[in-house]
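So that the names make sense, note that chain A is the first sequence line, chain B the second, and so on, each numbered from 1.
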Amino acid sequence: MIRFATWNVNSLNARQQRVEQWLADIRPDIVCMQETKLADDAFPALAFESLGYESAHHGAGRWNGVAILSRAGLTGVTLGFGDDAAPDPEARLITARCGDLVVVGVYAPNGRALGSEHYEYKLRWFARLHDHLDAVTEPGDAVIIAGDFNVAPTDADVYDPAAFVTETHTSAPEREAITALAERGYTDVFRARYPDAPSVYSWWDYRRGDFHEGRGLRIDLVLATEPVADRVEWAVIDRNARKGTQPSDHAPVVVDLAD
DNA sequence: ATGGTAGAGCATCTA
């Protein structure tokens, strides 16, 4: 069995002790992390190595930053879109082979406001993600795209859809970026396993007591091609990791794959 | 009433 997980940690400096405790508790084999908020030379690769993980990190410090931890192999790392002619100005994408899996870790842009330049960047970023998949995968590959997509795929993934009509994360163009991945053969493995589960979220605003009031969004996704989706034995959003002192505003998504 | 909190880093920017 391979245990795969993704977690937006919202600063690894602030979260390292919690992350290490969580690794000890959950014992994932492969982890995609987002929002490390670290430069590459500040990434604690040795700390993760001492816990048995190889790692790769792509970050510029302060904001963004993505990483992959693996004790199932870690080769062929690509940082960003792998296009030197037009590098992404922000560190939001990392790709590697972990054993028989191609793992694509994503931290999609937030978008900030509908119609803003940041929103346009978000939509262009998803378009480039499709081009990236063409470049790094072949039909039939076992591929996982996982991370913080900053899009709630359907209204079932939103605590109050009406409240988001004027906000990002639920607009038709953003959702089309996810459905286009579905049309490419990528299954949302959590939703596939729990098609009717209501009020299951992965992110809650720190403000207003949103976590305790159940006001969240499901924006952290594990998308997988059929050879991976067919191996899913278990999937869960680890709400326990959102509790207690100094939590991230996101909960991890954990997926077990049969060998 | 356009609010609230957390993180980076030291004035605001980002989410």
Side-chain angles (χ1 to χ4, degrees), chain A residues 6-22 32-44 47 57-67 80 87-94 105-126 129 146-153 157-171 173-175 177-178 201-221 237-253:
Chain A
T6 179
W7 193 8
N8 180 323
V9 298
N10 186 15
S11 170
L12 202 45
N13 270 343
R15 218 70 62 207
Q16 184 71 20
Q17 290 309 310
R18 278 192 77 120
V19 169
E20 291 190 12
Q21 185 61 55
W22 176 81
C32 290
M33 289 195 297
Q34 302 86 41
E35 281 206 89
T36 63
K37 297 186 176 179
L38 294 176
D40 289 337
D41 60 8
F43 182 75
H57 180 259
H58 178 40
R62 191 155 191 190
W63 296 307
N64 312 310
V66 287
D88 190 343
E90 301 180 359
R92 298 183 169 278
L93 183 67
I94 187 166
V106 306
Y107 174 47
N110 175 283
R112 301 191 197 179
L114 296 176
S116 68
E117 62 181 294
H118 302 282
Y119 178 74
E120 298 301 326
Y121 166 62
K122 181 178 193 175
L123 298 181
R124 287 198 308 275
W125 193 91
F126 278 121
L129 178 61
D148 177 358
F149 285 75
N150 270 316
V151 178
D157 304 307
V158 185
Y159 73 91
D160 182 1
F164 278 83
V165 168
T166 58
E167 305 294 327
T168 58
H169 292 55
T170 70
S171 73
E174 291 168 280
R175 285 179 167 169
I178 307 301
Y201 309 125
S202 67
W203 171 85
W204 301 260
D205 197 306
Y206 282 122
R207 296 169 286 192
R208 304 168 307 201
D210 275 8
F211 176 70
H212 297 287
E213 298 296 331
R215 295 187 289 258
L217 304 177
R218 193 176 68 90
I219 57 176
D220 298 270
L221 309 177
I237 296 177
D238 180 13
R239 286 173 50 90
N240 285 330
R242 181 63 173 77
K243 299 176 181 174
T245 57
Q246 292 188 288
S248 169
D249 46 350
H250 293 253
V253 185

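The distance between atom CG of A:Asp210 and atom C1' of B:dG3, rounded to the nearest whole Å, is 13 Å. The interatomic distance linking A:Tyr107 (OH) with B:dA15 (C1') rounds to 6 Å, in whole Å. In this entry the distance linking OH of A:Tyr121 with P of B:dT14 reads 12 Å, nearest Å. With rounding to whole Å, A:Asp249 atom CG is found 16 Å from B:dT14 atom P. In this structure, the CG atom of A:Asn8 is 12 Å from the P atom of B:dG7, given to the nearest Å. Distance CG (A:Leu217) to P (B:dA15): 15 Å, rounded to an integer number of Å. Rounded to an integer number of Å, the gap from CZ of A:Arg215 to C1' of B:dG3 is 13 Å. Protein atom CH2 of A:Trp204 is 16 Å distant from nucleotide atom C1' of B:dA15, rounded to whole Å.
Look at the C1' atom in both B:dA15 and B:dG4: the space between them is 13 Å, to the nearest Å. Nucleotides B:dC13 and B:dG3 place their P atoms 15 Å apart, quoted to the nearest Å. Rounded to whole Å, the P atom of B:dG9 lies 14 Å from the corresponding atom of B:dT14.
Look at A:Arg112 and you won't find any side-chain N or O under 4.0 angstrom from OP1 or OP2 of B:dC13. Look at A:Arg208 and you won't find any side-chain N or O under 4.0 angstrom from OP1 or OP2 of B:dA6.
Distance from the side chain of A:Lys37 is smallest to B:dA8 among B:dA8, B:dT5, B:dA15. Closest to the A:Asn13 side chain, of the nucleotides B:dA15, B:dA8, B:dG7, is B:dA8.
Note on ring orientation: taking the six-membered ring where Trp is involved, the planes of A:Tyr159 and A:Phe164 are perpendicular (angle over 60°, cut-offs 30° and 60°). Under the 30°/60° scheme for interplanar angles, the aromatic rings of A:Phe211 and A:Trp204 are found to stand perpendicular.
Residue A:Arg92 is classed as a sugar-phosphate contact, given heavy-atom separations below 4.0 Å to backbone atoms only.
Under the 3.5 Å distance criterion, with hydrogens and angles disregarded, no donor-acceptor pair is assigned to the side chains of A:Tyr201 and A:Asp210. Checking A:Asp238 against A:Trp22 by side-chain atom types alone, a donor-acceptor pair falls below 3.5 Å. A side-chain donor-acceptor contact under 3.5 Å links A:Gln16 and A:Glu20.
The pair A:Glu174-A:Lys122 counts as a salt bridge, with a side-chain nitrogen and a carboxylate oxygen less than 4.0 angstrom apart.
Residue order along DNA chain B, read from the 5' end via each residue's closest nucleotide, puts A:Leu12 first among A:Leu12 and A:Gly111. Nearer the 5' end of DNA chain B, as judged by each residue's closest nucleotide, is the contact made by A:Gln246, out of A:Gln246 and A:Glu35.
Residue A:Lys37 is tested with A:Leu12, A:Asn64, A:Asn10 for a side-chain contact (heavy atoms from CB on, under 4.5 Å); the sole match is A:Asn10.
A distance-only check finds a donor-acceptor pair linking the side chain of A:Ser202 to the backbone of A:Ile219 [under 3.5 Å].
At a non-hydrogen distance threshold of 4.0 Å, A:Arg62, A:Trp63 from residues 58-67 of chain A come into contact with DNA chain B.
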